[in-house]
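Below is one structure, written out as structure tokens; comments come after it.
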Amino acid sequence: MDVLARVLGQRLSDTLGQPFIVDDRPGASGTVGSEFVARAAPDGYTLVMGNNATHATNESLYPNLHYATLRDFAPIGLAATVTNILVVAPNLPMHSVAELIAYAKARPGNLNYASSGSGSAAHLTGEMFKLMTGTDIVHIPYKGAAPATTDLLAGQVGLMFASAPSVFQYVKAGRLHALAVTSAARWQSLPDVPTMAEAGVPGFTSEVWFGLFAPAGTPRDIVGRLNAALLKTTAGADVRAKLAEEGFDVTTDTPEEFRAFIAAEITKWADVIKRSGAHVD
């Protein structure tokens with residue numbers, strides 16, 4: 001997310017004629033920086049680059065969260081998405097989602113999947129897969145995507161819903177089998193890999209997304225101006241090329257569309273978290 005914020009910040013500075021300073025405030029799954037912006041003056045000068053965790057799933061995972069996305073923020077617009085790839089270890093025999101489901105159903109509780117940590121997108125996507133396919137697959141949380149991928153490559157864990165940039169090189173090299181992407185459309189870098197819907201799980205979508213937010217109460221004309229600047233910035237060929245190198249797909253919308261999208265995301269993942277019992281450690 002830091003790369004995305006810095007690329008967009010530099011171009012937004014040029015578009016608006018105002019310096020954009022990227023102030024990285026990590027901690028508590030991004031809630032520290034988000035809470036700071038939620039309490040900032042609603043004048044359009046303090047923004048946050050939020051994502052599917054900070055502004056959707058965290059509301060269900062952290063009961064003591066000190067902000068609510070739709071109450072405390074003015075959504076400006078979606079900026080980019082990153083698809084996930086369902087990849088399986090090289091020592092497993094399946095080469096399609098249908099084969100994976102059949103394999104898992106024939107061996108309930110014997111297959112496992114890795115994630116970068118409890119409550120991560122990889123974890124929740126895996127739980128949604130189990131709910132939608134009626135499979136029993138054991139979750140193995142790791143402390144980050146790197147060790148999870150290492151064990152997946154070694155066949156120590158069976159599968160993973162991994163962010164596309166983190167496993168693309170291994171898929172291209174034939175070291176991991178890509179069964180499907182979790183975006184609504186096929187990923188341009190792996191055009192032969194089907195979507196989950198095409199692979200037999202209709203309605204299954206899960207993407208890491210990033211968007212700009214201002215504090216609630218920011219005047220509509222300021223939100224509109226910031227959205228227009230974001231659209232102009234992300235339309236630039238140089239920006240799109242740079243972000244594509246990092247695995248981002250530029251995805252934009254209006255403030256109203258973004259708010260509706262977030263509301264749907266909050267509801268969707270709240271249901272997955274409740275039904276699966278997913279929680280953070």
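All values derive from a computational prediction rather than experimental measurement.
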H55/E265 under side-chain contact (heavy atoms from CB on, under 4.5 Å): CA gap, chis, key distance, verdict: CA-CA 9 Å; H55 286 72; E265 284 282 281; over 6 Å; no
Roughly how far, to the nearest 0.5 Å, is [atom2] of [Y] from [atom1] of [X]?
| X | Y | atom1 | atom2 | result |
| --- | --- | --- | --- | --- |
| I262 | E257 | CD1 | CD | 12.0 Å |
| I140 | N112 | CD1 | CG | 5.0 Å |
| S163 | E207 | OG | CD | 12.0 Å |
| N52 | K268 | CG | NZ | 10.0 Å |
| L212 | L47 | CG | CG | 6.0 Å |
| E99 | H177 | CD | NE2 | 10.5 Å |

Pair T234, T252: side-chain N/O donor-acceptor within cut-off below 3.5 Å: no
Plane angle bin for F204 and F161 - parallel if under 30°, tilted between 30 and 60°, otherwise perpendicular: parallel
Mutual orientation of the aromatic rings belonging to F261 and F258 [parallel < 30°, tilted 30-60°, perpendicular > 60°]: parallel
Under-4.0 Å salt bridge between K130 and E127: yes
From CA spacing to verdict: side-chain contact (heavy atoms from CB on, under 4.5 Å), L8, M49: CA-CA 10 Å; L8 294 183; M49 179 66 74; 3.7 Å; yes
Side-chain touch R186/P191, heavy atoms, less than 4.5 angstrom: no
F248 and F210 aromatic centres sub-6.0 Å: yes
Within 6.0 angstrom of K232 NZ, more than 12 heavy atoms from elsewhere: no
Neighbour count above 12 (heavy atom, 6.0 Å) for R71 CZ: yes
Sidechain-backbone polar pair: T135 side chain, I137 backbone, donor-acceptor under 3.5 Å: no
